[in-house]
Amino acid sequence: MRLDDYDNDINVGEAQGGGGFGGGGGGLLFGLLPLIGSRFGCGGIVVVLIILAVLGMNPLGLLTGGGSSNVPVTRTAGSSEGGNVRQVCEASPERRETCQAFSNAQNTWEKIFAESGQRFSPPGLRFFTGSGQSGCGAAQAAMGPFYCPTDSSIYLDTSFFDELANRFGAKGDFARYYVVAHEFGHHIQNLLGTSDQVRRAQQAAGQAEGNALSVRLELQADCYAGVWAARNRDRLEPGDVQEGMTAAQAIGDDTLQREASGRVVPDSFTHGTSEQRMRWLRRGIETGDPAQCNTFSGAI
C-alpha cells in the first residue's frame, strides 16, 4: 500500500513508565483469554482478571474497549509527549511505517466525520518497547497493540509486527496497516459512544452474553478498518487485500484456540471467528460506508 509521509502535527510519543500487564480494548492479551479458558477453565480467566485488578486496571474496560468517551486529544504542532514527532517516528523503520498508517487513518476519519457534520477528535499514538504505562494501566509487549479509551490513545510495541509475520504467518505491509486501522476503529467507537454502550450492557449481562457483545465490538472495529482501506482504494496494490484477510484469519478466536489446545469453545470467544473477522473486514472494504458496520443488529 502506498502511503504518504506522516503529518508533523500528529499526536505521537513514548509511553511513560513500565512493567506489568495492562491495556485497553483490542489488545492481544484479551484475544488470548479464550485460550486460557479452554485450557484452565473459567477459574483461569478469573485469576488473570484478579491479577489485573490488583495492578490497578479495570478488567471490564479492557475487555470492552469501553471507558470515558469523547476524551479530547489536541493536535500539537510538530510536537508530542516524549519528544517531537519526527524523533519518535524516525526511531525505526517500523515506527515510521506505523506513523504513516496512523496519520493516514486520522486524515481519512476526519473527512468521514466531516461528511456527516460530526466533530472529530484525533487519538494519540504511544510507542513502547517491552513495557510502558498507559491511561488504562501498565502495558506489556505480550499484549500486542491496544487502544486505551481513558486517554484516547493507541499503544503499540512494533515487535508485534514480527510476531504477526512469523507466528501468525500474516506478512506484508497491509497486514500491519490493518492492525493500526483496527485499533483506530476502537477510537471511532469511543467517539461515537459505542464502547460505553457495550460496557454498560456487559455490566448487566452474564459471561457468555458479555463475551458475545465483545465479539460484536471487535468485528465492528474490523469493519471500520475495511472502511479506511476502501477510502484509500487508489493507494492499494495487488495482494494488499489478501494480506489483510490472512491477518484477520490468523487471529480469529477459533483458530487461536485450536492451535493452543485443539479445542474450540465458542462461548469464550471475545474477538470473533476467523470467518467473521474476514467477513466484516471485507464488508468495510467493499462498501467504504461506516453505516454498513452495524454488527450489533442481526446475525454476525
Side-chain angles (χ1 to χ4, degrees), residues 21 23-52 59-66 142-147 163-164 167-170 178-179 182-183 185-186 189 194-195 197-226 244-284 292-300:
F21 294 96
L28 179 62
L29 176 61
F30 288 93
L32 296 179
L33 278 182
L35 279 69
I36 297 171
S38 65
R39 178 160 296 192
F40 301 106
C42 294
I45 294 178
V46 170
V47 170
V48 172
L49 296 181
I50 290 174
I51 292 173
L52 293 171
L60 183 59
L62 300 178
L63 286 168
T64 64
M143 297 174 53
F146 64 88
Y147 174 74
E163 185 177 13
L164 186 68
R167 176 185 170 190
F168 297 111
Y178 157 60
V179 171
H182 173 93
E183 300 307 332
H186 283 305
Q189 293 170 324
T194 309
S195 300
Q197 293 173 12
V198 169
R199 176 180 55 81
R200 289 193 294 268
Q202 286 184 312
Q203 289 175 335
Q207 181 177 334
E209 185 180 351
N211 287 345
L213 288 168
S214 178
V215 167
R216 290 179 182 269
L217 196 72
E218 294 296 333
L219 293 179
Q220 186 177 64
D222 281 334
C223 187
Y224 284 160
M245 293 300 162
T246 299
Q249 191 279 331
I251 55 179
D253 285 328
D254 54 337
T255 298
L256 291 174
Q257 286 189 356
R258 194 174 294 111
E259 290 178 353
S261 66
R263 298 175 57 224
V264 174
V265 185
D267 283 349
S268 68
F269 290 172
T270 58
H271 284 59
T273 67
S274 293
E275 190 276 331
Q276 288 170 334
R277 301 200 70 167
M278 289 189 292
R279 187 194 322 151
W280 283 98
L281 174 60
R282 185 180 294 110
R283 176 175 292 192
Q292 298 301 313
C293 295
N294 183 6
T295 58
F296 294 94
S297 176
I300 53 176

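Just so you know, residue 1 is the first one in the sequence shown, and it goes up from there.
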Residue pair Val198, Phe296: steps toward the side chain to side chain contact (heavy atoms under 4.5 Å, CB included) verdict | CA-CA 10 Å; Val198 169; Phe296 294 94; 3.5 Å; yes
Quick check for you: to the nearest 0.5 Å, what is the distance between [X] atom [atom1] and [Y] atom [atom2]?
| X | Y | atom1 | atom2 | value |
| --- | --- | --- | --- | --- |
| Leu164 | Thr246 | CG | OG1 | 10.0 Å |
| Asp222 | Arg282 | CG | CZ | 12.0 Å |
| Ile251 | His182 | CD1 | NE2 | 7.0 Å |
| Leu219 | Arg283 | CG | CZ | 10.5 Å |
| Glu259 | Asp254 | CD | CG | 9.5 Å |
| Arg199 | Leu217 | CZ | CG | 12.0 Å |

Ignoring hydrogens and geometry, is there a side-chain-to-backbone donor-acceptor pair from [X] to [Y] under 3.5 Å?
| X | Y | value |
| --- | --- | --- |
| Ser268 | Val265 | yes |
| Arg277 | Gly272 | no |
| Gln220 | Cys293 | yes |

Taking all heavy atoms of [X] and all of [Y], pick out the closest pair and write down the distance.
| X | Y | result |
| --- | --- | --- |
| Thr270 | Asp253 | N-OD2, 2.8 Å |
| Asn211 | Phe269 | CB-O, 3.2 Å |
| Thr255 | Ser274 | OG1-OG, 2.5 Å |
| Gly210 | Ala205 | N-CB, 4.1 Å |
| Trp280 | Asn294 | CH2-O, 3.9 Å |
| Pro145 | Glu183 | O-OE2, 3.5 Å |

Between Leu281 and Met245, does a side chain to side chain contact (heavy atoms under 4.5 Å, CB included) hold up when you go through it step by step?
-> CA-CA 8 Å; Leu281 174 60; Met245 293 300 162; 4.1 Å; yes
Determine whether the side chains of Gln276 and His271 contain a donor N or O and an acceptor N or O closer than 3.5 Å.
-> no
Determine, stepwise, if the pair Gln189 / Tyr147 fulfils side chain to side chain contact (heavy atoms under 4.5 Å, CB included).
-> CA-CA 11 Å; Gln189 293 170 324; Tyr147 174 74; over 6 Å; no
